[in-house]
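So you know, we letter chains A, B, ... as the sequences are listed, proteins then strands, and number each from 1.
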There are 2 protein chains.
Amino acid sequence: MYLINFTDFFTSAFSVDCIIFGYSEGKIKALLIKRAIEPYENFWAVPGDLVYPTEDLPQAAERILLELTGLSHIQMHQSQSFGKPNRHPQGRVITIAYFALIRIKDFEIKASSWAEDIKWTAMDEIPELAFDHNFILSETYALLKQKLLNEPVCFDLLPERFTLNEMQQLYEFALETDMDKANFRKKIKYVPMIAHDEKQQNVKHRPAKLFSFNKKEYTNQVEKKDYQFKM
Amino acid sequence: MYLINFTDFFTSAFSVDCIIFGYSEGKIKALLIKRAIEPYENFWAVPGDLVYPTEDLPQAAERILLELTGLSHIQMHQSQSFGKPNRHPQGRVITIAYFALIRIKDFEIKASSWAEDIKWTAMDEIPELAFDHNFILSETYALLKQKLLNEPVCFDLLPERFTLNEMQQLYEFALETDMDKANFRKKIKYVPMIAHDEKQQNVKHRPAKLFSFNKKEYTNQVEKKDYQFKM
DNA sequence: TTAAATTATTGTCCAAATTACAATAATTAA
DNA sequence: TTAATTATTGTAATTTGGACAATAATTTAA
């Protein structure tokens, strides 16, 4: 232990890493960028940026999301902080990871000044990433899986209208386990959902009915404490 | 958005707040200190400190715990980060909260240079705290409650040998709900515990048998994936 | 037009877990 | 020895969960 001045502490920076999860083709995916600048130039990485001195943390995460996707007003979930002294080669930078859940089809990915390339990568096909981003991403994915079990966040990933099978497949991918169709439906029996008349299109078999999440009714029931989402 | 130099980012500090939870007299308690210095002099607060430039985050949390309690080699759990731009009156300081679970009887609380007073406070009797510490503490307590449901961390709070009733009362306090004795025992039937011959002392009724957590057997069963703690 | 194929949806049965409540056992204090 | 208190175990009814079967709706190919 050594004594230093109070002002000597104000020599660190912090960044926000923003993990953007989506769901398509039966897989949960994360948006990765290819870094255009040093350090770790040409490495794939989780999008992130230093936080401005007067900026709030979730605000910084939203800024990153907006730059890459054009999406705003998306709920940000806090993940963990990562602060090993040498995790960044250019100085002491601790990072706070946030994650967002979005519908892939809702927008076009945008280019960015600091990203040479950008792509969706399935969570079972993540390559070697810059910094400690493999660790950050896997810890955050673990948190997402936790949330999927206890909160109705799957509906932020699924399209607005979805089939019950699509919903089941999302859980099967996340939990890495097969589920029985009949039993899955029993399990979600009390989740407030709206059954539409509309059917699946362009499938070469009996089309499934489309459902959507009844968020209003869900909020209602949670307030009255007579419902608790649970998978 | 405005452009600033890379080095201009390195003007922030970060701190670690270390919430120390204990359990006694049927209540979960947190260790609070009375601040001896400005800002918020004489306010009760969660113990915390700025992180040294080369110090890792959990290491800083352990240092705080050691200074106050003399305890070391205690597992630290990461809570959340709190980073509103104006949360600290003297500059941009974001804080990462950690929490530790300890057995109150295992040690004597130590005085500290930056704490004028220090005391255990039950979680249902928390006063107004310095900074945003009320928020930090309640968010972290919510996380602890979550952990109590999914991991056998209650045994870090209970004495090494405890009665099943003490265990039940811990959960009753945390979950704010009464439980049936017989059903509670059924629920914990498969938790690996050692039943001792030793009995409770100095009670004016039939003494209860003492148990302790069989951590070795627990680890074993978790590895073989034939057990998952769940309340 | 019809039959085969495919998938959606619903139902049944059994085992396991949960709940409410009762009964019994062990100990202390008077 | 008895009353009081608490620990511990048991029972029965209900609810939930999992395996599997049956039926319904639709497409495609003959």
- Item | Interatomic distance, Asn183(A) CG vs dT10(C) P [rounded to whole Å] | 14 Å
- Stepwise side chain to side chain donor-acceptor pair (under 3.5 Å) test for Asn42(A) and Lys34(A): CA-CA 6 Å; Asn42(A) 291 324; Lys34(A) 195 173 205 170; 5.4 Å; no
- Could you tell me the separation between the NZ atom of Lys209(B) and the C1' atom of dT9(D), rounded to a whole number of Å? 12 Å
- Query: Base, sugar-phosphate alone, or nothing: which one does Lys199(A) contact when heavy atoms must sit under 4.0 Å apart?
  - Reply: sugar-phosphate
- Query: Hey, which of these two, Val203(A) or Pro207(B), hits DNA chain D nearer its 5' end, going by closest nucleotide?
  - Reply: Pro207(B)
- Message: For the CD atom on Glu125(A), are there more than 12 heavy atoms of other groups (residues, nucleotides or ligands in this structure) within a distance under 6.0 Å?
- Response: yes
- Could you state the atom-to-atom distance from CG of Asp180(B) to P of dA17(C) in whole Å? 18 Å
- Query: Which is true for Lys187(B) with a 4.0 Å heavy-atom rule: it touches a base, it touches only sugar-phosphate, or it touches nothing?
  - Reply: nothing
- To the nearest angstrom, how far is Lys186(A) atom NZ from dT10(C) atom P? 13 Å
- Message: Contact between Glu62(B) and Met76(B) at the side-chain level, heavy atoms closer than 4.5 Å - yes or no?
- Response: yes
- From CE of Met179(B) across to P of dA20(C) the rounded distance in Å is 12 Å
- Query: Out of dT6(C), dT9(C), dA7(D), which has the shortest distance to the side chain of His205(A)?
  - Reply: dT6(C)
- Taking N and O atoms by type only, does the side chain of Asn165(A) place a donor or acceptor under 3.5 Å from a partner on the base of dA8(C)? no
- Task: For Asp178(B) and dC21(C), give me the distance from atom CG to atom C1', rounded to whole Å.
- Result: 16 Å
- Send over the distance from Lys181(A) NZ to dG11(C) C1', rounded to a whole Å. 16 Å
- Along DNA chain C (nearest heavy atom to each residue), the more 5'-positioned of Ala182(B) and Gln200(A): Gln200(A)
- Note on the structure: Tested for side chain to side chain contact (heavy atoms under 4.5 Å, CB included) against Val191(B), the lone hit among Phe211(B), Phe155(B), Tyr218(B) is Phe155(B)
- Whole angstrom value for the distance that separates C1' of dT9(C) from CG of Leu210(A): 15 Å
- Message: Under 3.5 Å, is there any donor-acceptor pair linking the side chain of Arg206(B) to the base of dA26(C)?
- Response: no
- Message: Please identify which of these residues, Thr121(A), Asp117(A), Asn134(A), meets the side chain to side chain contact (heavy atoms under 4.5 Å, CB included) condition with Trp44(A).
- Response: Asp117(A)
